[in-house]
Amino acid sequence: MDWSKLQSIHHKFIELYNSNPIAVRSPGRINLIGEHTDYNQGFVLPAAIDREITLCIGLNQSASCNLFSWDLQEHHSFKMDKLVPSQRNWANYIIGVVQQLQLHGHEVTGFDCVFGGDIPIGAGLSSSAALECGMAFGLSNLLGLNLSKIEIARLSQAAENDFVGMQCGLMDQYANMFGKEGKLIQLDCRTETHEEIAVDLKEYGLWLFNTNVKHQLDDSEYNVRRRECEAGVKLIRRKFHQVSSLRDCELSMLTNIEDTTLKNRCQFVIEENARVVEGSKDLQCGDLQGFGQKMYLSHHGLSKMYQVSCPELDLLVEYTRDEPSILGARMMGGGFGGCTINLIDQENVESINSKYSAAYFHATGKRMSIYPVNIANGTSLTALNLN
Ligand code: GLA
């Protein structure tokens with residue numbers, strides 16, 4: 001995030017609360033491949049990125065919490081002994097974290113916070129996980145709780161599951177906490193451990209194309225997909241008792257499922273898990289073409305079998321299919337809007353951008369935004385300097 005914005009957030013904190021805060025930078029994430037596999041105990045391949053939220057936080061010796069969102073210019077206050085959902089959606093990620101800390105037996109005293117950032121909201125880059133983890137990390141620091149990275153990731157996921165009501169897996173919070181500059185995180189969601197993967201993309205780079213749409217279905221349909229996978233596992237277990245999640249399944253086990261929708265959901269997850277393992281090998285041995293093909297297969301499955309894409313995402317992926325300088329493209333994150341992730345020959349980004357922007361506007365009446373991605377470190381404290 002640029003220095004002047006960080007300064008503005010810091011100044012606002014002093015203006016509102018007249019004290020000195022700590023500052024936490026908390027990044028968004030990308031995911032190269034492995035979508036909707038995390039809550040099925042499978043594999044994912046995310047990374048933290050150089051778009052982030054900065055939170056200035058300080059204890060205030062009271063029993064209240066005061067929040068200010070710099071980007072929305074909105075306030076929200078609540079009492080520590082009265083945690084109820086707010087009309088301001090963004091505040092619920094923070095209240096949910098406070099609730100989880102309390103449920104874990106920590107005494108959370110009053111605090112003030114001003115935060116803002118450059119992670120586009122609703123773009124599938126996990127600004128919500130950045131807010132949760134950044135807050136949990138900051139409070140752990142101020143209250144001397146010494147929470148580990150995995151504790152912060154799990155607690156933040158629980159805040160989103162229980163307080164916000166989105167039954168997300170662990171990928172976003174994990175990538176936010178464990179991200180490492182220049183490295184992908186190959187996360188095994190069963191063991192909750194990861195390997196860092198170094199990649200050399202040669203003359204190619206990762207670019208996000210933002211559809212700038214966010215269809216309303218997202219959270220409810222996400223929870224439906226999760227339940228469908230659980231229903232599939234139940235049916236498979238009738239014959240294969242050793243199975244506890246789709247991670248344990250092979251395609252041949254799906255014969256027990258008659259319902260085509262359910263079968264498609266399970267087939268997608270089984271195939272997507274295999275793509276993460278194979279795709280990670282492709283990247284490590286420099287087979288970028290092979291990886292790009294898997295991105296297209298992933299998108300096809302997400303769109304046709306898992307049905308979490310939307311016309312705008314499909315269109316942006318479709319444009320790239322005959323483009324020699326794009327090796328792979330797919331929708332990224334939960335779906336129903338947000339961004340596609342693209343592996344592009346850096347030299348041609350500019351011409352691709354102008355061509356697709358015009359075509360996308362012509363087809364949808366909407367603007368497409370495009371961002372380069374650099375892989376960054378996970379959540380950390382950051383220095384403040386009032387000059
Ligand atoms: C959202 C969720 C993640 C994950 C992705 C889909 O980002 O928060 O847990 O399930 O969707 O891969």
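Counting starts at 1 for both ligands and their atoms, following the listed order.
- Looking at every heavy atom in both residues, Glu323 comes nearest to Tyr356 through OE1-OH, 2.6 Å.
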- Stepwise ring-ring contact (aromatic ring centres under 6.0 Å, His included) test for His36 and Tyr222: CA-CA 9 Å; His36 291 270; Tyr222 184 97; 5.3 Å; yes
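- In terms of N/O distances under 3.5 Å, ligand 1 is approached by Glu35.
- Remark: ligand 1 atoms within the under-4.0 Å shell around heavy atoms of Arg29 are 7 (O).
- Ligand 1 places these atoms under 4.0 Å from at least one heavy atom of Cys168: 2 (C), 8 (O), 9 (O).
- Inspection of the Asn92 and Ser86 side chains reveals no N or O donor paired with an N or O acceptor under 3.5 Å.
- Under 4.0 Å is where a charged nitrogen must lie from a carboxylate oxygen, and between Lys294 and Asp282 at least one such pair does.
- Using a 4.0 Å cut-off between a side-chain N of Lys or Arg and a carboxylate O of Asp or Glu, Arg265 and Asp259 do not qualify as a salt bridge.
- Proximity to Gly169 (heavy-atom distance under 4.0 Å) selects the following atoms of ligand 1: 9 (O).
- Distances between N or O atoms of Met166 and those of ligand 1 include no value under 3.5 Å.
- Closest protein heavy atom to atom 9 (O) of ligand 1: Asp38 OD2, 2.5 Å.
- The Tyr39 neighbourhood of ligand 1 comprises atoms 10 (O), with distances under 4.0 Å to a heavy atom of that residue.
- For atom 1 (C) of ligand 1, the closest non-hydrogen atom of the protein is Asp172 OD2, 3.8 Å.
- Between Leu32 and Leu283, the closest side-chain pair of non-hydrogen atoms falls below 4.5 Å.
- A salt bridge between Glu230 and Arg227 is absent, with no side-chain N of the basic residue lying under 4.0 Å from a carboxylate O of the acidic one.
- Atoms of ligand 1 lying under 4.0 Å from any heavy atom of Gly333, numbered from 1 in the order shown and given with element: 6 (C), 11 (O).
- Of the protein's heavy atoms, Met171 CE, 3.8 Å lies nearest to atom 5 (C) of ligand 1.
- Distances from atom 2 (C) of ligand 1 to the heavy atoms of Tyr306, Tyr174, Tyr222 put Tyr222 nearest.
- Minimum heavy-atom separation, Ile119 to Gly28: CD1-N, 3.4 Å.
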